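Below you'll find the structure, written out as structure tokens, and then a few comments.
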Amino acid sequence: MSDFISIKKRSHYCGALRASEVDQNVVLMGWAHRRRDHGGIVFVDLRDREGLVQVVFNPDICPEAHLEAQKIRSEFVLAVEGKVRRRPAGMENPTLKTGEVEVMVSELAILSEAKTPPFSLDADTDLSENIRLKYRYIDLRRPEIQKYLLLRNRVAAEARRYFQDAGFIEVETPFLTKSTPEGARDYLVPSRINKGMFYALPQSPQLFKQLLMISGFDRYYQIVKCFRDEDLRADRQPEFTQIDVEMSFISVDDIISVMEGLMAEVFKNCLGRDLSLPFPRLSYFDALDHYGKDNPDTRFSMEIRDLTDIFRDTGFEVIREVIDNGGVLKAILVKDNKRLSRKDLDGIRDYIATYDAKVSAWARINPEGWTSTIFKYLKAEEVQKVNDAMDAHEGDLIVFAADTLKTIREVLGNLRLQLAKKLDLIDPNQFAFAWITEFPLFEYSDTEKRYVSTHHPFTSPVMEDLPLLRSDPGRVRARAYDLVLNGSEIGGGSIRIHQQKVQSLIFQALGLGDEEVRLKFGYFLDALEYGTPPHGGIAFGLDRMIMIMSGAESIRDVIAFPKTQKATCLLTDAPTKVSIEQLMELSLKIA
RNA sequence: GGGGUCGUAGUUAAGCUGGUUAUAACGCCGGCCUGUCACGCCGGAGGCCGUGGGUUCGAGUCCCAUCGGCCCCGCCA
């Protein structure tokens with residue numbers, strides 16, 4: 001039986017057989033998905049990455065194979081030879097792509113026996129992730145998981161083709177590189193040859209791709225792993241893949257249009273979906289103002305509206321106090337409030353309360369006014385103005401919250417998403433892209449008590465804002481842009497600083513000392529002085545893109561061998577302790 | 001670092017207010033079956049109730065700790 005492979009070659013994928021192959025003699029290899037033994041006749045569903053086909057062991061055709069087929073169990077690896085035939089009338093299985101045909105086996109070889117798998121490969125059972133990840137190689141046999149990786153492969157291939165056709169050059173950059181301050185925590189790699197020294201795994205190839213621009217490569221791309229030692233989420237893994245891009249002699253609009261072209265081709269060729277170009281653009285300020293977030297889900301409206309001015313002189317003390325202290329009152333409108341029960345509304349108030357917002361209230365609109373705990377404190381004129389401002393009509397619901405601008409954006413931004421899910425306002429088949437532009441260059445960090453880069457320290461400011469760098473750093477705008485898809489940031493980039501003087505000013509504004517800058521970025525500042533073209537770029541999170549394109553619930557589903565939330569690998573058991581010898585070789589001691 | 005949630009047979013789950021021998025489905029093993037496709041029928045095996053401690057006459061169930069999966073906040077240039 002072990003001769004089978006050396007004598008015979010596979011002729012078809014199991015899942016590829018169709019009526020057009022009828023009467024052909026075929027050789028198939030695959031896994032026994034299921035056996036149905038009728039005593040006199042045995043059916044086996046043979047599975048490979050392309051799908052399932054029914055193979056039939058009939059003692060009238062081959063008694064030896066029929067006898068051998070008794071031994072077949074789930075996930076045995078089989079080779080069969082036989083003739084494809086149209087199934088007898090009435091025996092077709094329309095749920096299988098191969099359901100019109102079956103293979104009458106004339107020879108069977110069991111290539112590999114298999115232990116009973118630890119879980120069913122059927123789609124219908126929910127499996128816990130710990131067992132799936134421990135036996136990931138079996139989990140990956142399931143067609144619904146393979147589907148994700150097959151899509152991922154197509155997207156990557158399509159992206160490569162797109163960039164190659166557009167004159168981009170793929171260049172690899174180092175994984176063993178230099179630790180950088182700013183940004184995420186680095187993964188460190190100790191150096192054996194240079195004792196006490198460490199490499200860092202790149203958080204992104206940022207500086208290398210800029211150096212490639214300085215080197216004159218002009219248009220670069222790379223599909224590359226990046227590493228960030230931060231806590232995990234449903235859409236975050238410590239190692240993840242970026243489609244990384246950089247271009248010289250370009251404007252923001254040039255980059256945006258090249259990337260819109262990429263998205264259009266990828267969605268067309270991988271999902272058969274036509275995207276309408278160009279994507280809408282929204283300033284950072286407008287995004288926060290209308291949606292409370294810089295990654296707005298624009299698949300539904302329900303925008304946040306500001307009512308502060310209406311209540312500036314209100315007699316309702318609680319609200320006026322918030323406004324007098326520089327706070328705001330904002331609201332969102334829910335159409336058709338009957339879909340929310342009294343319990344739901346209490347839930348909304350409780351939810352807002354978790355943010356410690358000073359004011360939270362709701363109002364059902366009816367002909368006599370509002371059903372609301374705050375109705376009696378308001379003047380008729382105020383109620384009317386609110387109704388007008390919110391476009392509220394009978395049967396609608398208004399949800400209010402008042403506190404600081406930052407809190408209210410957060411509260412209503414999140415509430416907007418929760419309500420949309422609850423009310424089923426989100427069309428799961430829609431892809432809503434939006435560019436977010438005009439980010440602030442810096443954000444004040446409460447933990448570090450200084451300004452930090454919103455994007456990264458190599459982002460070019462809008463030149464006319466340069467004078468603000470000293471006086472009011474928080475107001476300096478960046479030439480940066482994010483691409484948001486269905487409320488998820490899938491890419492971000494910027495025009496970079498190409499003048500050493502400007503770069504030094506930025507480091508100053510970030511409160512980085514000359515010596516530290518020299519130590520960390522000296523090589524890069526030097527490079528900037530040797531003829532740097534104006535340049536800029538972007539990076540896309542490939543994992544997140546695939547997750548959204550495929551409708552996967554977790555980023556882990558689109559990664560072949562992902563980490564758990566504690567950043568461990570249940571399959572390999574990494575990370576593990578290492579021997580004392582390994583540590584000594586690296587001059588390391590565990591504290 | 002913090003909050004929440006889950007952990008019972010190979011798998012997915014049930015197990016009420018603490019009370020006799022811990023249930024079910026699927027899977028697994030044996031037998032029968034020549035047109036099934038989640039095949040069917042008959043029979044059978046299978047448990048450290050995550051782990052450790054406590055309360056109690058008695059703990060899967062209550063309490064504490066701990067380990068692990070997942071979700072969230074912080075964090076993620």
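Here is the naming used below: chain letters follow the sequence lines, and residue numbers restart at 1 for every chain. Computed from a predicted structure; not experimentally measured.
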Regarding B:G35, can its base be found pairing with the side chain of A:Arg85 as donor and acceptor, where the two atoms are less than 3.5 Å apart?
yes

Side-chain donor-acceptor pair present, A:Asp186, A:Gln203, cut-off under 3.5 Å:
yes

What about A:Gln203, does its side chain sit under 3.5 Å from the base of B:C76 through a donor-acceptor pair?
no

When all nucleic acid strands are considered with a 4.0 Å heavy-atom cut-off, which category describes A:Gln54: base, sugar-phosphate, or nothing?
base

Touch class at under 4.0 angstrom, heavy-atom based, for A:Thr454 against every strand present:
sugar-phosphate

Whole angstrom value for the distance that separates C1' of B:C39 from CG of A:Leu52
16 Å

Base, sugar-phosphate, or nothing for A:Pro117, non-hydrogen atoms under 4.0 angstrom?
nothing

Closest to side chain of A:Glu230, choosing from B:C39, B:C76, B:G27
B:C76

What nucleic acid atoms does A:Arg87 come within less than 4.0 Å of, heavy atoms only: base, sugar-phosphate, or nothing?
base

Calculate the interatomic distance between A:Leu570 atom CG and B:C67 atom P; express it in whole Å.
16 Å

Nearest to the side chain of A:Pro118, which nucleotide is it out of B:G10, B:C76, B:G35?
B:G10

Please report the distance separating the P of B:C62 from the corresponding atom of B:G15, rounded so that it comes out in whole Å.
12 Å

Describe the nucleic acid contact of A:Asp60 in one word from base, sugar-phosphate, nothing, applying a heavy-atom distance below 4.0 Å.
base

Nearest of B:C39, B:C28, B:G1 to any side-chain atom of A:Asp231?
B:G1

Aromatic stack A:His38/B:C39: centroid gap under 5.5 Å, interplanar angle under 30°
yes

Quick one: the side chain of A:Arg236 and the base of B:C75, do they pair up donor-acceptor inside 3.5 Å?
yes

Between A:Asn25 and A:Gly82 the two heavy atoms that sit nearest each other are OD1-O, 3.2 Å

Remember a base hit wins even if backbone is also touched, and classify A:Arg233 as base, sugar-phosphate or nothing at under 4.0 Å, heavy atoms.
base

Base, sugar-phosphate, or nothing: which does A:Arg35 touch, judged by heavy atoms less than 4.0 Å apart?
nothing

Is the base of B:U11 stacked against the aromatic ring of A:Phe119, taking ring centres under 5.5 Å apart and planes under 30° as the test?
no

Hey, mind stepping through A:Arg35 and A:Asp37 against salt bridge (Lys or Arg N to Asp or Glu O under 4.0 Å) and telling me if it holds?
CA-CA 6 Å; A:Arg35 182 183 61 134; A:Asp37 186 343; 3.4 Å; yes

